[in-house]
Amino acid sequence: MISRIDLRGDALPEGGALRDLLPRAEFDVEAALEKVRPICEDVHHRGTAALIDYAQKFDGVTLEQVRVPAEALRTALDELDPAVRAALEESIRRARIVHREQRRTEHTTQVVPGGTVTEKWVPVERVGLYAPGGRSVYPSSVVMNVVPAQEAGVESIALASPPQRPAFEGDPAGGLPHPTILAACALLGVDEVYAVGGAQAVAMFAYGTSGPDGCLPANMVTGPGNIWVAAAKRYFTGRIGIDTEAGPTEIAVLADSTADPVHVAADLISQAEHDPLAAAVLVTDSAELAEAVEKELEPQVAATKHVEDRIKPALAGKQSAIVLVDSLEDGLKVVDAYGAEHLEIQTADAAAWAARVRNAGAIFVGPWAPVSLGDYCAGSNHVLPTGGCACHSSGLSVQSFLRGIHIVDYTRDALAEVTHHVVTLAEAEDLPAHGAALKARFGWKVPNQ
């Protein structure tokens with residue numbers, strides 16, 4: 001069901017050589033880019049008409065408008081299962097607690113007498129958020145995108161999610177995003193929602209559309225999605241800000257002989273049920289644990305849902321494996337080279353090992369902090385870097401929606417004191433006009449010379 005990679009016996013290679021030995025899903029965004037390019041440009045030129053056509057082509061839904069009516073949001077919340085509403089409210093509450101603490105404050109540094117640099121933090125003006133709605137629907141992703149944007153102080157928030165096919169003839173929910181997505185928006189106070197999926201949703205936010213059903217352009221687009229969403233984000237990089245080109249989801253578990261194989265197997269399966277390209281990786285120095293986990297996978301997989309279309313292909317795919325190492329020190333090198341979106345530490349003294357990890361989107365410490373907790377109710381954010389990008393990128397946070405702006409304020413005397421250095425450096429770079437801009441302020445004489 002899951003393959004093995006045995007890295008015992010020899011010294012582990014360094015850097016890229018080690019990364020090349022580790023499992024990873026194939027996710028060719030560059031190839032997808034050429035397919036989304038005409039879609040994006042069609043939305044640019046035809047606007048809402050193109051969005052309606054793509055809803056018919058890709059979602060099998062006939063739309064008259066793409067913006068979700070306000071009454072549909074209210075109805076979705078009114079009809080939401082009370083238990084689901086309570087769970088969403090708790091998820092929102094915990095996320096707000098964590099993300100509120102991420103706010104940054106203005107800070108002024110006196111560099112010299114009369115010379116200060118202030119850094120102020122300004123939220124982007126408008127963001128477009130994407131909530132997937134393909135194999136599964138993710139109201140939790142609505143929470144994870146909206147809460148940090150709101151806590152950052154973003155004034156204008158719009159959300160897009162694919163329209164759903166009618167469950168029966170005359171289904172009032174047909175052509176709208178999933179009701180739990182709409183209900184989550186209503187709980188969060190987001191009233192600008194569009195029934196648009198895929199690359200065309202990113203294009204809508206990037207270019208904007210006109211008319212009574214139109215969408216204003218956004219400064220930034222965030223949220224997970226499929227390869228077409230990732231490709232569209234790449235296409236528009238530079239025109240809009242993005243969070244990340246999210247690839248298939250992944251879990252890595254660093255475990256030793258103290259780990260419970262029942263827990264480990266359950267956590268690998270929980271990630272595999274997302275998608276046939278989802279990655280589930282166990283890194284361990286215990287051959288006994290590896291064997292126990294392999295045995296435990298069989299009955300747990302058989303007892304769950306989405307077995308043939310998601311879980312089995314994910315576990316059997318080249319992106320998933322049990323990696324055997326000689327020691328936890330080697331295991332730490334492996335998980336740092338892998339840079340998992342989600343990393344669980346199920347070892348003795350798990351907190352100490354977790355503190356030494358350098359590369360991971362989020363780290364889950366010990367047996368009582370599974371990834372599923374982070375997906376919903378830990379308070380952390382589940383929009384995280386994938387595909388090894390955790391070595392240079394962070395998950396979504398309040399900081400994702402803020403821009404740091406430096407404000408430089410110098411008096412005449414403070415400028416005079418440093419002018420000779422500026423002129424010297426300008427001339428060293430063969431940019432004499434840079435120095436002249438300072439000389440002009442002092443009658444073309446350089447102070448302090």
Side-chain angles (χ1 to χ4, degrees), residues 15-16 30 33 37 40-41 44 99-128 148-158 202-203 205-208 216-222 232-245 358-359 385 389-449:
E30 194 63 32
L33 187 61
R37 188 188 308 273
C40 293
E41 290 311 305
H44 187 197
H99 289 84
R100 190 165 290 139
E101 293 296 318
Q102 296 172 355
R103 291 176 177 172
R104 293 192 174 192
T105 56
E106 184 175 297
H107 185 269
T108 298
T109 301
Q110 181 172 305
V111 184
V112 292
T116 64
V117 174
T118 299
E119 186 171 48
K120 71 172 182 176
W121 294 91
V122 181
V124 298
E125 293 177 30
R126 176 171 168 80
V127 298
Q150 288 179 333
E151 294 300 324
V154 176
E155 293 183 359
S156 178
I157 297 175
V202 182
F205 288 137
Y207 289 130
L216 293 174
N219 306 108
M220 183 176 187
V221 174
T222 72
K233 285 182 176 180
R234 179 176 295 186
Y235 182 70
F236 287 112
T237 298
R239 184 182 183 91
I240 56 173
I242 65 168
D243 50 350
T244 183
E245 294 176 10
R358 294 181 63 87
N359 301 328
C389 292
C391 68
H392 56 71
S393 298
S394 304
L396 200 67
S397 70
V398 165
Q399 297 169 34
S400 303
F401 299 97
L402 295 174
R403 298 160 294 136
I405 301 176
H406 281 180
I407 302 171
V408 180
D409 188 351
Y410 269 55
T411 63
R412 185 185 191 283
D413 289 345
L415 179 62
E417 188 270 334
V418 78
T419 290
H420 65 290
H421 288 311
V422 175
V423 171
T424 297
L425 290 172
E427 291 175 351
E429 294 186 350
D430 193 23
L431 297 171
H434 280 60
L438 273 72
K439 293 178 185 178
R441 286 163 166 76
F442 298 102
W444 301 96
K445 296 179 181 180
V446 179
N448 301 322
Q449 279 192 346

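Just so you know, these numbers come straight off a predicted model, no measurement behind them. Note: hydrogens, waters and symmetry copies are ignored here, and every other heavy atom, side chains too, is used.
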Asker: Within the structure provided, determine whether Lys439 and Thr419 are in side-chain contact (heavy-atom separation under 4.5 Å).
Answerer: no
Asker: Which heavy-atom pair separates Ala232 from Cys40 by the least distance, and what is that distance?
Answerer: CB-SG, 4.3 Å
Asker: Is the shortest side-chain heavy-atom distance between Thr222 and Leu396 below 4.5 Å?
Answerer: yes
Asker: Verify, without hydrogens or angle tests, whether Ser397 (side chain) and Gln399 (backbone) share a donor-acceptor contact under 3.5 angstrom.
Answerer: yes
Asker: Specify the closest pair of heavy atoms between Val112 and Ala414, including all atoms of both residues, with the distance to one decimal.
Answerer: CG2-CB, 4.2 Å
Asker: Quick one: pull up NZ in Lys233 and OG1 in Thr244 and give me the separation to the nearest 0.5 Å.
Answerer: 6.5 Å
Asker: So, Tyr235 and Glu41: side-chain donor and acceptor under 3.5 Å apart, yes or no?
Answerer: yes
Asker: How long is the gap from CD on Glu119 to CZ on Arg104, to the nearest 0.5 Å?
Answerer: 7.0 Å
Asker: Between Arg126 (side chain) and Leu216 (backbone), is there a donor-acceptor pair under 3.5 Å?
Answerer: yes
Asker: One thing to verify: whether Arg103 and Glu151 come together as a salt bridge, which I'm taking to mean a side-chain N less than 4.0 angstrom from a carboxylate O.
Answerer: yes
Asker: Within the structure provided, determine whether Phe205 and Val127 are in side-chain contact (heavy-atom separation under 4.5 Å).
Answerer: no
Asker: Which heavy-atom pair separates Ala426 from His434 by the least distance, and what is that distance?
Answerer: CB-CB, 3.7 Å
Asker: Would you compute the distance between atom OG of Ser393 and atom CG of Asn359 and round it to the nearest 0.5 angstrom?
Answerer: 10.5 Å
Asker: Rounded to the nearest 0.5 Å, what separation is found between the OH atom of Tyr410 and the CD atom of Glu417?
Answerer: 8.5 Å
Asker: So does His406 get a backbone contact from the side chain of Lys120, meaning a donor-acceptor N/O pair under 3.5 Å?
Answerer: no
Asker: Does Glu106 form a side chain to side chain contact (heavy atoms under 4.5 Å, CB included) with Trp121? I'd like the steps, not just the answer.
Answerer: CA-CA 6 Å; Glu106 184 175 297; Trp121 294 91; 5.9 Å; no
Asker: Taking all non-hydrogen atoms of both residues into account, name the closest pair between Arg441 and Leu415 and its distance.
Answerer: CD-CD2, 3.8 Å
Asker: Quick one: does Pro447's side chain get under 4.5 Å of Phe442's, heavy atoms only?
Answerer: yes
Asker: Check Arg234 with Glu30, please: is the shortest side-chain N to carboxylate O separation under 4.0 Å?
Answerer: yes
Asker: Step by step, would you call Val117 with Thr108 a side chain to side chain contact (heavy atoms under 4.5 Å, CB included)?
Answerer: CA-CA 6 Å; Val117 174; Thr108 298; over 6 Å; no
Asker: Answer yes or no: is there a side-chain heavy-atom contact under 4.5 Å between Ile407 and Thr116?
Answerer: no
Asker: Around Arg403, counting heavy atoms of other residues, nucleotides and ligands shown, do more than 12 lie under 6.0 Å from its CZ?
Answerer: yes
Asker: Atom CG in Leu438, atom NE2 in His420: separation rounded to 0.5 Å?
Answerer: 12.0 Å
Asker: In terms of ring plane angle, is the pair Phe236 and Tyr207 parallel, tilted or perpendicular, where the classes change at 30° and 60°?
Answerer: perpendicular
Asker: So, taking the atom named CD1 in Ile242 and the one named OG in Ser400, what distance separates them when rounded to the nearest 0.5 Å?
Answerer: 11.5 Å
Asker: Carefully, step by step, assess His107 and Thr118 under the rule side chain to side chain contact (heavy atoms under 4.5 Å, CB included).
Answerer: CA-CA 6 Å; His107 185 269; Thr118 299; over 6 Å; no
